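Everything numeric in this text was worked out from a predicted model, so none of it was measured.
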Amino acid sequence: MNSSRQKLHWRVVGASVCGTSHVKNSQLCQDAHHWMMLPDNILVAAAADGAGSASLGKVGAMVAVEAAIEHISAKQVTQHTLASDNSAKSLLSEAILAAKTAVEEEAIASNRPPKDLSTTLIIVVATPIVAVVAQIGDGVAVARDSIGSLTTLTVPDNGEYINETTFLTSPTALDSVQVNIWRQGIANIAILTDGLQMLAINMAVGLPH
């Protein structure tokens with residue numbers, strides 16, 4: 001029996017930091033993130049940004065990322081699961097729905113309307129050779145391949161006006177979900193909420209700096 005440990009492909013760094021406008025207005029950080037390493041070098045990560053206008057936006061973001069990761073981790077995902085585009089996309093679509101349901105249930109438990117827990121959500125499931133991403137709202141997911149080229153895996157869902165987007169609790173949220181698959185040798189992946197998206201990507205053409 002081969003008892004050697006599998007070499008890990010991923011090192012994970014995550015941070016949720018209060019933005020300058022939030023500090024100026026004495027608002028709390030409303031971002032949340034969560035991640036988990038599954039067998040076969042499968043990384044599952046999520047980031048969310050509670051709406052600034054939502055009184056419990058931070059709670060919505062926390063519930064969303066935790067529910068999404070827990071849903072995927074319970075599915076016993078393997079490299080074989082991600083080899084099929086249909087099964088990979090279904091996995092992420094189901095995770096978005098699980099997160100939306102969890103946020104709505106938290107709103108009921110708190111006796112608040114769902115809009116009070118409004119949040120965006122980005123979920124990534126990645127191996128060294130494939131990344132599957134689902135997103136509702138703004139923010140962006142970016143990957144770097146084995147030769148150093150950067151690509152955007154999603155694009156920010158920005159409305160007509162600045163700071164306008166679709167939230168997980170929106171009635172039309174599931175109609176606006178982006179689910180994308182990228183099959184390349186992957187060196188790095190970044191998930192960013194909207195506070196960094198204008199620094200990270202060229203908004204005019206949707207390409208990463």
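- Listed here is the closest heavy atom pair of I186 and T127: CD1-O, 3.7 Å.
- Atom CD of residue E104 and atom OG1 of residue T101 lie 6.0 Å apart, to the nearest 0.5 angstrom.
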- Item | Verdict with supporting geometry, I136 and F167, side-chain contact (heavy atoms from CB on, under 4.5 Å) | CA-CA 6 Å; I136 287 181; F167 294 109; 5.8 Å; no
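- Hydrophobic clustering, with ILVMFWY side chains joined whenever heavy atoms are under 4.5 angstrom apart, groups L150 together with L192.
- A distance of 5.0 Å separates CG of L56 from CG of L117, quoted to the nearest 0.5 Å.
- Put simply, L153 and V155 are part of two different groups of oily side chains (I, L, V, M, F, W, Y) that touch within less than 4.5 Å, one to the next.
- Proximity of V132 to V124: side-chain heavy atoms (C-beta onward) are nowhere separated by under 4.5 Å.
- The heavy-atom pair separating I122 from A141 by the smallest distance is CG2-CB, 4.3 Å.
- Side-chain heavy atoms closer than 4.5 Å link hydrophobic residues (I, L, V, M, F, W, Y) into clusters, and following such links, even through other members, never connects M62 to V12.
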- Message: Run the side chain to side chain donor-acceptor pair (under 3.5 Å) test on T81 and S87 for me, step by step, so that the C-alpha distance in whole Å, both residues' side-chain angles and the decisive distance to 0.1 Å come before the verdict.
- Response: CA-CA 6 Å; T81 307; S87 63; 5.9 Å; no
- Test side-chain contact (heavy atoms from CB on, under 4.5 Å) on V65 and H33 and set out the steps. CA-CA 6 Å; V65 294; H33 64 277; 5.6 Å; no
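- Here the side chain of S170 pairs no donor or acceptor atom with the backbone of T166 at under 3.5 angstrom.
- Taken to the nearest 0.5 Å, the CD atom of E94 stands 14.5 Å off from the NZ atom of K89.
- Within the 4.5 Å cutoff, no side-chain heavy atoms of I129 are placed close to those of Q184.
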- Given side-chain contact (heavy atoms from CB on, under 4.5 Å), test W182 with V130 step by step and report yes or no. CA-CA 6 Å; W182 195 59; V130 61; over 6 Å; no
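- Side chain of S110 to backbone of A107: no donor-acceptor contact under 3.5 angstrom is found.
- By the 4.5 Å heavy-atom criterion applied to side chains, V142 and I189 are not counted as neighbours.
- Remark: the backbone N or O of D138 is paired with a side-chain donor or acceptor of T165 at under 3.5 angstrom.
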- Could you please spell out the steps behind the salt bridge (charged side-chain N to carboxylate O under 4.0 Å, His left out) verdict for R183 and D85? CA-CA 10 Å; R183 298 190 184 276; D85 283 4; 2.7 Å; yes
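- Looking at heavy atoms from C-beta onward, M37 lies in side-chain contact with L43 at the 4.5 angstrom threshold.
- Nearest heavy-atom pair, A51 versus Q30, reported as atom, atom and distance to 0.1 Å: O-NE2, 3.4 Å.
- Taking CG of D49 as the start and OG of S118 as the end, the distance is 11.0 Å to the nearest 0.5 Å.
- S149 places no side-chain N or O within donor-acceptor distance of the main-chain N or O of D145, the cut-off being under 3.5 Å.
- Looking at W35, its side chain never comes within 3.5 Å of a backbone N or O of A46 through a donor-acceptor pair.
- When all heavy atoms are compared, the tightest approach of A64 to L168 is CB-CD2, 3.9 Å.
- The CD atom of Q79 sits 5.0 Å away from the CG atom of D40 when rounded to the nearest 0.5 Å.
- Side chain to side chain, R144 and T151 fail the donor-acceptor criterion of an N or O pair below 3.5 Å.
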- Message: Go through it in stages, so that I can follow the logic: the residues are D31 and T193, the test is side chain to side chain donor-acceptor pair (under 3.5 Å), and I'd like the CA-CA distance, side-chain angles, deciding distance and then a yes or no.
- Response: CA-CA 8 Å; D31 286 15; T193 55; 2.6 Å; yes
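- Taking every heavy atom of both residues into account, A134 and I96 meet most closely at CB-CG1, 3.8 Å.
- Of the residues L97, V125, I181, the one that meets the side-chain contact (heavy atoms from CB on, under 4.5 Å) test with L92 is V125.
- Taking CZ from R112 and CD from E106, the interatomic distance works out to 11.0 Å, rounded to the nearest 0.5 Å.
- Between V103 and T169, some side-chain heavy-atom pair lies under the 4.5 Å cut-off.
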- Does the side-chain contact (heavy atoms from CB on, under 4.5 Å) test come out yes or no for Q135 and V177, once each step is laid out? CA-CA 6 Å; Q135 176 169 327; V177 179; over 6 Å; no
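- Nearest heavy-atom pair across V140 and T152 is CG2-CG2, 4.1 Å.
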